[in-house]
Structures are given as C-alpha cells and as structure tokens.
Amino acid sequence: AEDGGRLYHYEAALSDLESLAEGYPGGWFFDEASSTLYVRTREEDDPDGHAMQVGRLDNGFYIDGMSDIVIEGFDIGFQSSGPYGHGVYIRHSSRVWVRSCVIHNSQGGINLRFEDSVDNVIEWNEIYDTQVTGWDWDDVKAHDAENAGVSVEGGSGTVVRYNIVHGIFNGIALSLWDDLENEAFNHNVDVYANLLYDITDDGLEPEGAAVNMRLWGNVMDDVYNCISLAPITVGPLFAWRNVMSRFLAGSFKVSISSDGPCFLYHNTAWTDEADTNAFSPSGPYGNMTFRNNIFRSTRYVIEDMGESTGGVTWDYDNLFTTSADRFVKWNDVRYADLAALSADTGFETHGLSAASLFVDPAALDFGLQEASPEVDRGLPIPNFNVGFCGAAPDIGAFEFVTEGCTSPNPDPVPEVADDVFDGETAPDTATDTAPDSTVDPPTDRGEDGPLPDAAEEGGGDGGGGEACGCAVAE
C-alpha cells in the first residue's frame, strides 16, 4: 500500500505494471525469481516520498486449536505476506470473541474455518479496504483483492453483529463453496445489526447448507447484490428486517439451483440506480417465501425469465417501480400491474403497488411516515412481528410506532448507522486512503457487561510497525 491506500497488484508480468495495463494509477509486481519488488506510485514520483506498507506476516492473529480467547481493541492492518492472509484467522477453535478492533488493508478481514469451530462471536469491529471498490469487478474477481470483511466457514453457534464493513469486495461471506451441501458447517448462525456499504459484490453471502441461519436488522448501502442466496441447498434460512438501499444489481441474488427453504420477511429494498431491477434471478431457484417486504426499483420490480422451479410465493408485499412501462416479468411473461399479476399467478392477492412515504430516503432513513401505504397492511407472522402497533403489522423493515405503543420488533442497525452516516449518505472508500468512521461500542453493554477501558478508548497500537505485523518504510 502507498500512504495507506492499496495499490493494484499486477500478477502476470512486469510489463503490465510498466504499461499500467488495467488503467489504474500506480501498482506493484513481485518477481519471484529474483525476489524483487517493483512499485509504481499513483503520483508517478519517487516512492521514498511516501509511506509504503508491506505485509510481513500472513495473519495478524492466528488462533488454532484454542478456546475462550478474547481479541479486543486492536488496530490490525496491512497483513498478508501471501495471497491468503487475514487480520484474524481462527481455525479449530471455539468461544473466540473478536471485538472492538479496526481491521484494514489486508487480504481478508476475519476468517473462521472448520466445523469444530463453534460458538464464536465477531462484534463491534470496523473492517475495510481501500481503492478496491474503485476498480472494475472483472479486475478484482479471481485476483488477490477479491477479499471479504468476514468469512465464516465454521460450525454452529457463530454470531456476527454490530460490525461496520466497507470498501471491500465482499462484505460478510458465510459460504463453503467446495462442499455446499455439508450441514455440519454454518448452522445455527446469527448475523444481525451489521452495517455494510461501498461493497463491490455481495453484502451478505450465505451460500451452502445454511441450516437455521438467521439474518436480520442489517443495513446494506451501495452494494452490487445485497444478499446472495446462490445457492441455499438445505435451509431453512430466515432473512427479516434488513434494509437494502442503492443496490446496483439487486436485493436478493438467487441462482445455482437454490432450493433450500428461505423465508424473507419485512425487508426494505430500495434503489434509485437507473434501469435497475429489485429482484432478478440469474439461474434456477425455488422454495422461497416473500412476505411483508418493500421492493422499489427503477426497472422491473421482479424479472423472472423462467428460472423459478416451484415453491416460490409472494404476498403482502409492496412492489413498486418508477418505470412507466415495466412492472413485473414472471416466467418470461410481462405484467403491467398488480391486478394482472395476481389474476394470472395468484401472487400478491393481498399486496399493493404504491409509492412508499419514507422519512428521508435521501439520507437512508427508511422509517415509514404515518400516511405511508404500508402501515397496517402486513400479515401477522408468529415470532417475527408480534406486538405490532395498529390493526396489523406494517410492511417493510420498520414498524410505524404510534403514541403509547412500543413495538418489540428489531429495527435495523441501532446507533451504529447513526454515528457513521450522521444524517448523510454513506461515504465513498473507493478513493479514501484512511477512512475515519470508527464507532466505539457503548460502555454499557447490558447483559454483556461494560467494556474494559482499552476498548472504550479504541485500543490497539494504530501506528503500524511491529505491533501491526507489517513493515513500514518511509
């Protein structure tokens, strides 16, 4: 990295660096035969005028075969001396807590592996990379910059909560790609109240068996695909009260013969990106239940070209597009309005198609106004929306709370999002070199107890060098 910002790695030949073959300012190439590192700065000047960060260790923390470990309050940056390093790497270990750390500029943030890694918790961390989201998707895919903020390939009981992940290729990946039907991995997992923004590919990536996987109260903004269900092979997976905004490709990504039961309740999916669908299957999928969701697009709300294999139902949702000539395409048949869709497919007989009245979508506040058409239009679902205010649950991620009524429903991302956005749209880390959006957890954690002083003050070294496991040349 140069001055804290990742440089593009030209992997094939020195000549690619010399010509800047991919077109990005600066870069580097390592000649293994001569053990020579070539660096070209973004400014085309002498590297001696910059702080250059080079990973010396493969991992900041390496936890193998251990239990009852707490990693808290560290600044972990510029890790990975090879292509598979991480800020924190946990394997064959249980009851490991990674909390209140800032993990950045590494090949991967936190990686949890193997089915005997159980009951681990990842919370209150900020995880980011720099420059990556300013590069083309094709130049990052299958490249060493194809990283994830959190990668979970563990056993049961994993909890990932209250983290901020940004400026990276994938947000939180819960995938076991070489064994997608293995139920021993990633079962009984909870992922909630995380904030993910400026993500090149998938925000949440729960792919595989995903038995009793629960995703709720997460906020995803400026993401390519928000939640990838491609595929869910066993299930059930539950995703509710998530907010998905300004996505570039779609809300839920489905494909690859995904047929494990998925229950998708009370999500708000909203984009103002031009010519963008809200839901666009790219391959076979089935067994998905949509209830009480808001889908707002600028093209088709749903464009299914015949990919559904059965078991997919839609009802009590608000399907709305700003497009004047598109609404829904199902099984490659175009429907101009909700009445036509319901008459032909039986979908959304209790649904609606109306412009939502959000509090302030420009500031990413998707709470409902009192006059919003979703108020009291939802379906009561045991264990998911009990204690609603009014005659019926509201559609979408947020329940409009009337005076004297306190809804027990979880609202997406508590004070974390407020502190980061502060009423503004999400910052851009495609060009930032050192984002300053770190959020300290509250000192009073309720049943978890107060945090030690080091965590409250940010902890860690923060200055590079020996403490962060990287070599810094100035």
Side-chain angles (χ1 to χ4, degrees), residues 1-14 16-17 22 24 26-42 47-48 50-66 69 71 74-93 96 98 101-114 122 125-132 135 139-153 165 167-170 173 433-434 460-474:
E2 171 197 337
D3 297 327
R6 182 191 278 259
L7 291 168
Y8 190 81
H9 180 198
Y10 287 93
E11 300 173 317
L14 177 60
D16 290 338
L17 173 62
E22 301 300 345
Y24 309 120
W28 63 280
F29 173 78
F30 182 69
D31 187 339
E32 294 187 6
S34 62
S35 296
T36 302
L37 174 64
Y38 296 86
V39 177
R40 187 170 178 174
T41 68
R42 280 183 284 269
D48 285 345
H50 300 272
M52 307 299 294
Q53 294 86 16
V54 181
R56 291 196 310 112
L57 304 176
D58 223 17
N59 303 285
F61 281 86
Y62 181 76
I63 308 296
D64 189 7
M66 299 182 181
I69 304 290
I71 300 170
F74 287 88
D75 184 302
I76 307 168
F78 309 106
Q79 299 303 309
S80 310
S81 57
Y84 303 110
H86 306 89
V88 178
Y89 185 23
I90 303 166
R91 44 183 281 149
H92 304 296
S93 298
V96 177
V98 183
C101 293
V102 179
I103 303 172
H104 58 97
N105 298 91
S106 300
Q107 297 300 82
I110 300 171
N111 185 264
L112 172 65
R113 294 194 65 200
F114 300 110
I122 299 166
N125 303 287
E126 181 182 17
I127 305 167
Y128 68 87
D129 206 339
T130 52
Q131 310 297 322
V132 173
W135 299 336
D139 294 335
V140 179
K141 188 68 177 177
H143 181 274
D144 60 15
E146 185 189 356
N147 49 8
V150 179
S151 179
V152 177
E153 304 171 42
V165 182
I168 207 161
F169 190 77
N170 284 309
T433 55
D461 175 77
E466 294 296 329
C468 74
C470 62
V472 179
E474 299 183 353

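When all heavy atoms are compared, the tightest approach of Tyr10 to Gly26 is CE1-O, 4.1 Å. Between Asn125 and Val98 the shortest heavy-atom distance is ND2-O, 3.0 Å. Smallest separation of non-hydrogen atoms from Ala173 and Ala148: CB-CB, 4.3 Å. The two residues Met52 and Val39 come nearest to each other via the heavy atoms CE-CG1, 3.4 Å.
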Take Leu14 and Asp31 through the test side chain to side chain contact (heavy atoms under 4.5 Å, CB included) and record every step on the way to the result.
CA-CA 8 Å; Leu14 177 60; Asp31 187 339; over 6 Å; no
Passes side chain to side chain contact (heavy atoms under 4.5 Å, CB included), Val96 versus Leu112? Steps please.
CA-CA 10 Å; Val96 177; Leu112 172 65; over 6 Å; no
For side chain to side chain contact (heavy atoms under 4.5 Å, CB included), just list the numbers for Tyr8 and Glu22, CA-CA rounded to whole Å, side-chain angles, deciding distance to a tenth of an Å, and then say yes or no.
CA-CA 9 Å; Tyr8 190 81; Glu22 301 300 345; 3.7 Å; yes
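Atom OH of Tyr62 sits about 13.0 Å away from atom CG of Leu57, to the nearest 0.5 Å. The distance from atom CG of Leu7 to atom CD of Gln131, rounded to the nearest 0.5 Å, is 7.5 Å. For the atom pair CD1 of Ile110 and SG of Cys101, the computed distance is 7.0 Å after rounding to the nearest 0.5 Å. Rounding to the nearest 0.5 Å gives a distance of 7.0 Å between CD1 of Ile90 and CD1 of Ile63. Atom-to-atom distance recorded for Glu153:CD and Arg113:CZ is 5.0 Å, nearest 0.5 angstrom. The line from CG of Asn59 to OH of Tyr89 is 7.5 Å long, rounded to the nearest 0.5 Å.
Remark: the backbone N or O of Gly60 is paired with a side-chain donor or acceptor of Gln79 at under 3.5 angstrom. Side chain of Ser151 to main chain of Asn111: no donor-acceptor pair is present (N/O by atom type, distance under 3.5 Å, no hydrogens or angles). Remark: the backbone N or O of Gly65 is paired with a side-chain donor or acceptor of Ser93 at under 3.5 angstrom. Side-chain atoms of Thr130 come within 3.5 Å of backbone atoms of Arg6 as a donor-acceptor pair (strictly under, hydrogens ignored). No donor-acceptor distance shorter than 3.5 angstrom exists from the side chain of Asp3 to the backbone of His50, with no hydrogens or angles considered. At least one donor-acceptor pair under 3.5 Å links the side chain of Gln53 to the backbone N or O of Gly4.
When side chains are defined from C-beta on, Phe30 does not count as touching Glu11, because their heavy atoms never get closer than 4.5 Å. Proximity of Asn105 to Asp129: side-chain heavy atoms (C-beta onward) are separated by under 4.5 Å at one or more points.
Residues satisfying the salt bridge (charged side-chain N to carboxylate O under 4.0 Å, His left out) criterion with Asp64, sequence neighbours excluded, are Arg91. Residues satisfying the ring pair (Phe, Tyr, Trp, His ring centres under 6.0 Å) test with Trp28, not counting sequence neighbours, are His9.
Between His92 and Phe114, the ring planes lie parallel to each other; the angle is under 30°, not in the 30° to 60° tilted range.
Judged purely by distance below 3.5 Å, without hydrogens or angles, the side chains of Asn147 and His86 never pair a donor atom with an acceptor atom. A donor-acceptor contact closer than 3.5 angstrom links the side chains of Tyr24 and Asp139.
Two rings, from His143 and Phe169, have their centers 6.0 Å or more apart.
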